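Written below as structure tokens is the structure these notes are about.
Worth saying up front: this structure is predicted, and the values here are computed from it rather than measured.
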2 protein chains.
Amino acid sequence: MQARPPTMNDVAATASVGLKTVSRFVNGATNIDPVLAARIALAIEALDYRHNLAAASIRPGRSSKLIGLVISDLANPYYSSLARSIERVCSEHGYLLMSMSCDEDTERHQLLIDRLIAQRVDGLIVVPPRDDPNAWADGARWRIPLVVVDRPVTAPGIHTILADNAGGTEAATAELVRQGAARVAFIGDSLKLYTMRERLAGYRRIIEHDDLRLSARLTFTGAHTADQASDIVLSLLEKNLADAIFAANNRSTIGALRAFARAGHRLPLIGFDDFEAAPLLNPAVSVVAQDVAEMGRVAAETVLAAAQGLAPLVETHVLPTRLVLRGSEAKEISGTEWLE
Amino acid sequence: MQARPPTMNDVAATASVGLKTVSRFVNGATNIDPVLAARIALAIEALDYRHNLAAASIRPGRSSKLIGLVISDLANPYYSSLARSIERVCSEHGYLLMSMSCDEDTERHQLLIDRLIAQRVDGLIVVPPRDDPNAWADGARWRIPLVVVDRPVTAPGIHTILADNAGGTEAATAELVRQGAARVAFIGDSLKLYTMRERLAGYRRIIEHDDLRLSARLTFTGAHTADQASDIVLSLLEKNLADAIFAANNRSTIGALRAFARAGHRLPLIGFDDFEAAPLLNPAVSVVAQDVAEMGRVAAETVLAAAQGLAPLVETHVLPTRLVLRGSEAKEISGTEWLE
DNA sequence: AGCAACCTAGACAACGTTGTCTCACCGGGG
DNA sequence: CCCCGGTGAGACAACGTTGTCTAGGTTGCT
């Protein structure tokens, strides 16, 4: 049961062959006597020998073919899509991805990075922790390729993949204005978050460009939960202070929808980040969608290129977002169906 | 840049200390001269030395503290929740989880298992592939603990964690009957799938128990996509053949909802498997929910216990499902709100 | 004071694999 | 017949780490 697994030596002995010949066979060398090869294959089958990659990888210059990924929560659809996309590219290149969740805990984040380095991963893809996104990368001497996704770090010279948060918000806000809204409210989370700052910046580009000078009174950045967002939107509805809502993240969007339901009437709405339920609701919710799969692909290809010795040229890569209009941006709901 | 990372030897030389003393320090031995310990700590800091776990783990009897997980798709919320839950338990025990997606591809499934064994994981948690769920486990000689989740395999002696598919469906069907439905339709995917067979069995327990003898005419097991499910439900609605719908998986539930929308009227509905949008729709969709987190927890604890030498007693573990009633099971919709 | 028991440091071999190198062999050309 | 180049097999050391064992020092007891 708990017997020591067979080694190359065992195979070599069983096949009456030199150890190195087994090594060559296992590594797919072509110049092997077919007779010996057959004996080796038989011995491997008989012993159920498995190549020990951990042992093979300790040789200097020999890579582990492992890539590490540190995200906040694998159960979050945004991150699981990212991980899936990275995994796909890695596996195409013969690499295995190790995805770790840190729960936005700065300490655990560091622990996971250390553990992955200890496992001798060939490269690291990291979403910086929400609080204190910089410290972990600041002093570190990176002997392996590092790519940072979703949020930037201050440490210089690190490959960074970002979504165009500002541009997406700009497009969404412009659409709401185009639909006739003079007073577009911005509902979002704390400005400590890079993405929130960017999204607010995009919003302001439009609002200030149109000289509406309402941004300050209509900007709410304390909505950490859907309920808080809901309360804010509810009070806007009651006092009739806004003509449209831009919800700067998922939770704010859900909160706005709840407020609409509670108040019994709605405002034009666009949210940042797509979500599964968005097209199923009535009206279907328009969103600024990030191309998470593409972000993952670029991150993976960057880290793999670097791991294979090629130095990627671009240091910071900003991927476009897409404005997905489904109906909720309009003043009036046209259809009567309550489900798409 | 691509310099060889420092080894314990380098640390020992820098600290003017024996190699083994560094090993003891790194492994947290207590009986070390504080003076030497301080010198070692300094040297580690100066060289940015990282413990090489791959090298450490090649010693026989020394474990890699790695657990492998093979699922079909990390981006699927069901599996990402499972992975997250397993990851949590693993990390509590100091283990790292390697989650791999096989895309329901039998060949890739085998490849991933082989690769994980080659990495010398201490244990393996596997969701058998949809097609041909048995072959991969049949002849294999498992030197490491193996736990199978979600679908059973025929090979004997393998720890198995399942949800109570039949029981959950039984409860849901009974509820629909209790609400007054004489003709409950069963919409689901192919009976090649274990879960479908189980769910249908649960459905039949109620339908045949109530002697309605309608199961055959109201059982549809060819709905592979939401569209196909939608077509089936649409035709049931048009011909007024059913009083209620049991949708045996997510896609069938979505399909039924689309059919309701297209037809302009609905039937009482309960679906198997919860989904994010379910509570947001109107009426909120009632479902049979699996406790995926608990399945992951049990699977992880089983494999970890086995990896640590304890033989778990139970071989097959069936976890209860939960009937979540949100409104869609009723004949009439009471509320008027279109969003929870 | 003398001796035993204990403790820590480090030398050494081993882990399973691969890189290097040597040797044996085979065929062909001089 | 001999030599030479080419090919494939295996002996050997090395990779970075840990288990074992010994040496030496210190403490405590008689």
Side-chain angles (χ1 to χ4, degrees), chain A residues 2-41 43-44 47-66 115 117-122 143, chain B residues 2-41 43-44 47-66 115 117-122 143:
Chain A
Q2 289 288 6
R4 184 181 56 83
T7 72
M8 267 191 186
N9 249 315
D10 301 328
V11 175
T14 306
S16 310
V17 147
L19 166 63
K20 194 62 218 290
T21 310
V22 179
S23 172
R24 274 192 287 265
F25 180 87
V26 167
N27 285 70
T30 51
N31 46 353
I32 297 182
D33 185 333
V35 178
L36 297 195
R39 287 222 304 271
I40 293 172
I44 287 178
L47 298 174
D48 191 34
Y49 167 77
R50 306 304 191 114
H51 194 191
N52 187 336
L53 287 178
S57 72
I58 73 170
R59 230 49 176 357
R62 212 145 217 282
S63 86
S64 63
K65 297 277 185 181
L66 253 30
R115 179 73 198 270
I117 293 177
Q119 286 292 340
R120 289 298 188 266
V121 293
D122 290 340
R143 290 201 171 77
Chain B
Q2 289 289 8
R4 185 181 57 82
T7 71
M8 266 191 185
N9 249 315
D10 301 328
V11 175
T14 306
S16 312
V17 147
L19 166 61
K20 193 63 219 289
T21 311
V22 179
S23 173
R24 275 192 285 266
F25 179 88
V26 168
N27 285 71
T30 51
N31 45 353
I32 297 181
D33 185 335
V35 179
L36 298 193
R39 287 223 302 271
I40 293 171
I44 286 178
L47 298 174
D48 192 33
Y49 166 77
R50 306 304 190 115
H51 193 192
N52 187 337
L53 287 178
S57 71
I58 72 169
R59 232 48 179 355
R62 211 146 218 281
S63 86
S64 63
K65 296 279 184 178
L66 253 31
R115 179 73 198 270
I117 294 177
Q119 286 292 340
R120 290 297 189 265
V121 293
D122 289 341
R143 290 203 172 75

inquiry  = With the threshold set at under 4.0 Å for non-hydrogen atoms, list the residues of residues 33-41 of chain A touching DNA chain D in residue-number order.
reply    = A:Asp33, A:Leu36

ask   = Of all heavy-atom pairs between B:Leu47 and B:Pro6, which one has the smallest distance, and what is that distance?
value = O-CG, 3.4 Å

task = Provide the start and end nucleotides, 5' to 3', of the part of DNA chain C that has atoms under 4.0 Å from heavy atoms of chain B.
result = C:dT8 to C:dC15

key: Gap separating the CZ atom of A:Arg39 from the OG1 atom of A:Thr21, nearest 0.5 angstrom   = 10.0 Å

ask   = For B:Ala43, what residues pass the side-chain contact (heavy atoms from CB on, under 4.5 Å) criterion, not counting sequence neighbours?
value = B:Val11, B:Thr14, B:Ala15

Side-chain touch B:Thr7/B:Asn52, heavy atoms, less than 4.5 angstrom = no

task = Using the test side-chain contact (heavy atoms from CB on, under 4.5 Å), find all partners of A:Arg59 that sit at least two apart in sequence or belong to another chain.
result = A:Arg62

key: Smallest separation among heavy atoms of B:Arg24 and B:Ile32, with atom names   = C-CD1, 3.8 Å

key: Five-pair end axes of the helix from C:dA1-D:dT30 to C:dG30-D:dC1, angle between them (10°)   = 50°

ask   = Quick one, which residues of residues 49-66 of chain B touch DNA chain C with a heavy atom under 4.0 Å?
value = B:Ile58, B:Arg59, B:Pro60

inquiry  = Which heavy atom of B:Ala37 sits nearest to which heavy atom of B:Phe25, and what is that distance?
reply    = O-CE1, 3.6 Å

note = Residues in residues 20-32 of chain A with a heavy atom under 4.0 Å of DNA chain C, by number, are A:Lys20, A:Ser23, A:Asn27

message = For A:Ser64, give me all partners under side-chain hydrogen bond (donor to acceptor under 3.5 Å, both in side chains), at least two apart in sequence or on another chain.
response = A:Asp122

message = Please check: side-chain N/O of A:Arg120 versus main-chain N/O of A:Ser57, any donor-acceptor pairing under 3.5 Å?
response = no

inquiry  = When you compare the side chain of A:His51 with that of A:Asn27, does any pair of heavy atoms fall below 4.5 Å?
reply    = yes

ask   = In residues 6-17 of chain B, which residues come under 4.0 Å of DNA chain D by heavy atom?
value = B:Thr7, B:Met8

query = Got a sec, which residues hit side-chain hydrogen bond (donor to acceptor under 3.5 Å, both in side chains) with A:Asp48, two or more places apart in sequence or on another chain?
reply = A:Arg50, B:Arg143

Tabulated below should be each protein N or O lying under 3.5 Å from an N or O of nucleotides 23-26 of chain D; please produce it.
none

inquiry  = Any heavy-atom pair between the side chains of A:Leu53 and B:Arg115 that's under 4.5 Å?
reply    = yes

ask   = Are B:Ile44 and B:Met8 close enough that some pair of their side-chain heavy atoms sits under 4.5 Å apart?
value = no

remark   = For B:Asn31, the side-chain contact (heavy atoms from CB on, under 4.5 Å) test, sequence neighbours excluded, returns B:Ala29

message = Give me the atom names and distance for the closest heavy-atom approach of A:Asn9 to A:Leu19.
response = N-CD1, 3.9 Å

